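Inspection log for the structure reproduced underneath, given as structure tokens.
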Amino acid sequence: MGTDTITPRSKDFSQWYLDVIRVAELADHSPVRGCMVIRPGGYAIWERIQQELDRRIKETGHQNAYFPLFIPESFLKKEAQHVEGFAPELAVVTHGGGKLLEEPLVVRPTSETIIYAMYSKWINSYRDLPLLINQWANVVRWELRTRLFLRTTEFLWQEGHTAHATEANAEEETLRMLEVYRDFAENEMALPVFTGRKTDSEKFAGALRTFSIEAMMQDGKALQAGTSHSLGQNFSVPFNVRYQDDAGQMQYCWMTSWGVSTRLIGALIMAHSDDNGLVLPPRLAPLGAVIVPIWASDEEKALTLEAADRIKRSLAGITTVKIDDRDQMRPGWKFSEWESRGVPARIEVGPKDVAKEQAVLVRRDNRKKEFLPMSAVRERLPLLHAEMQHDLFEKAREFRDTHIRVIDDYAEFKEYMKAGEGFALSHWCGDREVEAKVKDETKATIRNIPLDKFSNPRPEEAGACLVTGRPSPFRVLWGIAY
RNA sequence: CGGGGUGUGGCGCAGCCUGGUAGCGCACCUGCUUUGGGAGCAGGGAGUCGGAGGUUCAAAUCCUCUCACCCCGACCA
């Protein structure tokens, strides 16, 4: 063992998380502090995320484009809230070509400013609206404390930036993309999320309103998995993004921005994986199944490899399949290795199976074995994938629902958060200082204010604020966040 | 950035207190036997002990500085 041991979750959740990443070869630390190398195993997952999300982004009318990495420092300063939010975490380039630059260039922490500077050139008429653009890019934020995938100095993401004629149109877009994220998280990632609005103190610097999807990890902590911002005219005014309406009047555009990042890979790990390693929802697994032929003699090797190849060919167009024909390793080793890498299904073919024209099918998450005719694998595997996808979601949902408590007493709330058991649904009067006080005393923050229209599991009722007793229109979602 | 911890062949660790020139398990290479849940035996290769400086006849070991990672806090997707 040695190199491939994974610390059990019950012993040390953080170490377990790092062990899974190392054993599954998802990422490694780079020589630069806080930066990560995404290894092929991790990048393949990111590519699957990109494929599925990109499809949804395009289906909702957006086009991809690419804006530059470098942003003039003065651009950031044009929006007061925005620069205030990002100033401490900027990487700034002061030299180019061996010379001091006249104006320093910021390495983008996000691209609102450079994109809207361009939008002001491109938008003239209401006929140019809405303008719906997305970009896949890297961004840099000089974080104090980093964790692989969850928070790294440089990370990959997509950022959508749209311009609209009216506030209502922009708001509609903001919620449309939030729904895209919810749908993606729940149906592709098998990750149940709370969909709601951020409080003012948690919103994006420069946004009017921020919405998020929030997921629960296996340690009961919250992970913000995606955000969507209604930016109002906060950027269109300083960047002069204007259009002439049908009455001939100049109007400022209403903007939105929304994004998800490589953090989603961290969410996948912490939501589904187990003490044997990575568990991936089949819909996002780069490799759908691995075939392990089992042999003792050369004749058996030829027989089982031939059978494995036949099965693989029968699965063409169904899912991605790999035959593990490595000679040096014994089957047991291969089983463990592919399990730790999160391949959803394993197909074993030994001499006994070949004799009976059968195969053994094993599901990654529950390790259940099925014996079936070789010719039936083609029919069965997609069903097994679908069942596993469904079960992973249900398991995560059940875990989340049993780790949420409705709490009306602050003393109980404090104890509950101290125990680190999960989320609380509690009333809040809306006062920013109350929020700060609770954070200070319990480390818990308001993850979001769940929105009715997304059918979140939230008791719809008015009540009294957990801390002040003042009236509260509905419960908000509290948790300790990553 | 503050508090705590850890850095020794690819990985996990012992050795450090009480200085004497590096060891164990797994992995790797060769051979034979093995192969349906991480194989066995035999032989072999691989480490300037995170880095720099200092003390000393002699430093993995003592001292100073520095870097990286982990945990806790402040900041954040």
Side-chain angles (χ1 to χ4, degrees), chain A residues 1-7 12-19 22-23 25 28-36 84-90 109-110 138-159 181 198 201-205 210 212-215 222-229 257-267 276-277 292-298 300-301 304 326-340 346-355 358-360 362 367 369 371 439-440 443 445 480-482:
Chain A
M1 304 215 189
T3 178
D4 286 349
T5 30
I6 295 173
T7 306
D12 184 342
F13 193 83
S14 294
Q15 191 56 52
W16 165 80
Y17 175 75
L18 292 166
D19 289 345
R22 174 176 49 79
V23 171
E25 297 183 354
D28 207 345
H29 295 280
S30 89
V32 179
R33 177 190 205 116
C35 292
M36 97 180 135
E84 204 177 297
F86 280 112
E89 50 191 67
L90 293 179
T110 179
N138 57 337
V139 286
V140 166
R141 298 180 187 175
W142 220 260
E143 302 289 352
L144 298 178
R145 191 171 151 202
T146 57
R147 313 189 84 203
L148 291 179
F149 290 116
L150 300 178
R151 184 169 301 104
T152 47
T153 300
E154 178 188 8
F155 58 94
L156 306 184
W157 77 347
Q158 58 70 216
E159 49 180 326
Y181 289 156
K198 286 292 201 183
S201 54
E202 294 274 332
K203 74 173 187 193
F204 172 66
T210 289
S212 72
I213 53 170
E214 303 279 339
L223 188 75
Q224 179 172 303
T227 51
S228 187
H229 314 291
S257 68
W258 26 272
V260 301
S261 71
T262 35
R263 165 178 267 199
L264 290 180
I265 297 172
N276 297 314
V292 180
I294 296 151
W295 66 76
S297 63
D298 284 347
E300 285 177 354
K301 180 176 176 181
T304 54
R326 288 175 297 179
D327 236 333
Q328 322 80 291
M329 285 143 187
R330 303 179 71 197
W333 176 277
K334 296 178 180 178
F335 298 167
S336 302
E337 182 175 278
W338 292 111
E339 271 176 12
S340 72
R346 177 176 75 242
I347 300 162
E348 303 172 12
V349 198
K352 288 180 245 168
D353 301 311
V354 174
Q358 72 166 24
V360 185
V362 188
R367 289 178 156 185
K369 281 195 180 186
F371 298 81
K439 183 180 182 183
D440 188 49
K443 291 195 253 177
T445 50
I480 296 173
Y482 268 100

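Keep in mind it's a predicted model, so treat the numbers as computed, not measured. The chains referred to below are lettered A, B, ... by the order of the sequence lines, with proteins before strands, and numbering in each begins at 1. All values below come from the heavy atoms of this structure, side chains included, with hydrogens, waters and symmetry mates left out.
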Close side-chain approach of A/Gln224 and A/Tyr482, heavy atoms under 4.5 Å: no
Given B/rG37, B/rC75, B/rA39, the nucleotide with the shortest approach to the side chain of A/Arg367: B/rG37
Touch class at under 4.0 angstrom, heavy-atom based, for A/Val139 against every strand present: nothing
Pairing partner (Watson-Crick or G-U wobble, both distances under 3.5 angstrom) of B/rC17: none
Salt bridge present between A/Asp298 and A/Lys301 (N-O < 4.0 angstrom): no
A/Lys369 side-chain proximity, nearest of B/rA77, B/rG37, B/rG73: B/rG37
A/Arg330 side chain near B/rA39 phosphate (N/O to OP1/OP2, under 4.0 Å): yes
Nearest heavy-atom neighbours spanning A/Val260 and A/Trp157: O-CB, 3.1 Å
pair A/Asn276-A/Ile6: side-chain heavy atoms closer than 4.5 Å: no
Pi-cation contact, A/Phe335 with A/Arg346 (under 6.0 Å, within 45°): yes
Sugar-phosphate only, base, or nothing, as touched by A/Asp12 at under 4.0 Å among non-hydrogen atoms: nothing
Base partner of B/rC28, which must satisfy Watson-Crick or wobble distances under 3.5 Å: B/rG44
Mate of B/rG73 where both pairing distances stay under 3.5 Å, Watson-Crick or G-U: B/rC1
Nearest to side-chain heavy atoms of A/Lys443, which nucleotide of B/rU35, B/rG37, B/rG73: B/rG73
Pairing partner (Watson-Crick or G-U wobble, both distances under 3.5 angstrom) of B/rC65: B/rG51
Identified pairing partner of B/rG38, criterion: Watson-Crick or G-U wobble below 3.5 Å: none
Rounded distance in Å between the C1' positions of B/rG12 and B/rC17: 24 Å
base_contact_polar (B/rG12 base, A/Arg22 side chain, donor-acceptor, <3.5 Å): no
Minimum heavy-atom distance A/Ala205-A/Gly85, with the two atoms named: CB-CA, 3.8 Å
Side chain to side chain, A/Pro351 and A/Thr304, heavy atoms closer than 4.5 Å: yes
Pairwise C1' distance, B/rG15 and B/rC24 [rounded to whole Å]: 11 Å
Nearest-neighbour nucleotide for the A/Arg141 side chain, B/rC72, B/rC76, B/rG36 considered: B/rC76
Sugar-phosphate only, base, or nothing, as touched by A/Glu300 at under 4.0 Å among non-hydrogen atoms: nothing
B/rA52 versus B/rC67 - spacing of their C1' atoms, nearest Å: 10 Å
Sugar-phosphate only, base, or nothing, as touched by A/Phe155 at under 4.0 Å among non-hydrogen atoms: base
Heavy-atom closest contact (A/Arg147 atom, A/Thr152 atom, distance): O-CG2, 3.7 Å
Table of protein N/O atoms under 3.5 Å from nucleotides 43-45 of chain B N/O atoms:
none

Base B/rG38 paired with A/Glu337 side chain (donor-acceptor, <3.5 Å): no
Sub-3.5 Å pairs of nitrogen or oxygen atoms, protein against nucleotides 67-69 of chain B:
| residue | atom | partner | partner atom | Å |
| --- | --- | --- | --- | --- |
| B/rA68 | OP1 | A/Arg33 | NH1 | 3.4 |
| B/rA68 | OP2 | A/Arg33 | NH1 | 2.8 |
| B/rC69 | OP1 | A/Gly34 | N | 3.4 |

4.5 Å side-chain heavy-atom contact, A/Phe155 and A/Met36: no
Sugar-phosphate, base or nothing in reach of A/Ser228, heavy atoms under 4.0 Å: nothing
Whole-angstrom distance between B/rG4 and B/rG10, as gauged at atom P: 31 Å
pair A/Thr110-A/Arg141: side-chain heavy atoms closer than 4.5 Å: yes
Out of B/rA77, B/rG38, B/rG36, whichever nucleotide has its closest atom nearest the side chain of A/Pro351: B/rG36
Sugar-phosphate only, base, or nothing, as touched by A/Arg326 at under 4.0 Å among non-hydrogen atoms: nothing
B/rG9 versus B/rG45 - spacing of their C1' atoms, nearest Å: 10 Å
Touch class at under 4.0 angstrom, heavy-atom based, for A/Ser14 against every strand present: sugar-phosphate
Nearest-angstrom distance, C1' atom, B/rA42 to B/rG38: 22 Å
Nearest listed nucleotide, side chain of A/Lys439, among B/rG37, B/rC75, B/rC72: B/rC75
Nearest-neighbour nucleotide for the A/Glu143 side chain, B/rC72, B/rC75, B/rG37 considered: B/rC75
Side-chain N or O of A/Arg147 closer than 4.0 Å to phosphate OP1/OP2 of B/rC70: no
Touch class at under 4.0 angstrom, heavy-atom based, for A/Lys352 against every strand present: base
Pair A/Thr146-A/Arg33, side-chain donor/acceptor within less than 3.5 Å: no
Upstream residue (5' side of RNA chain B) when A/Gly350 and A/Thr262 are each assigned their closest nucleotide: A/Gly350
Distance-minimising heavy-atom pair for A/Ala225 and A/Leu264: O-CD2, 3.3 Å
Nearest-angstrom distance, C1' atom, B/rC11 to B/rC28: 12 Å
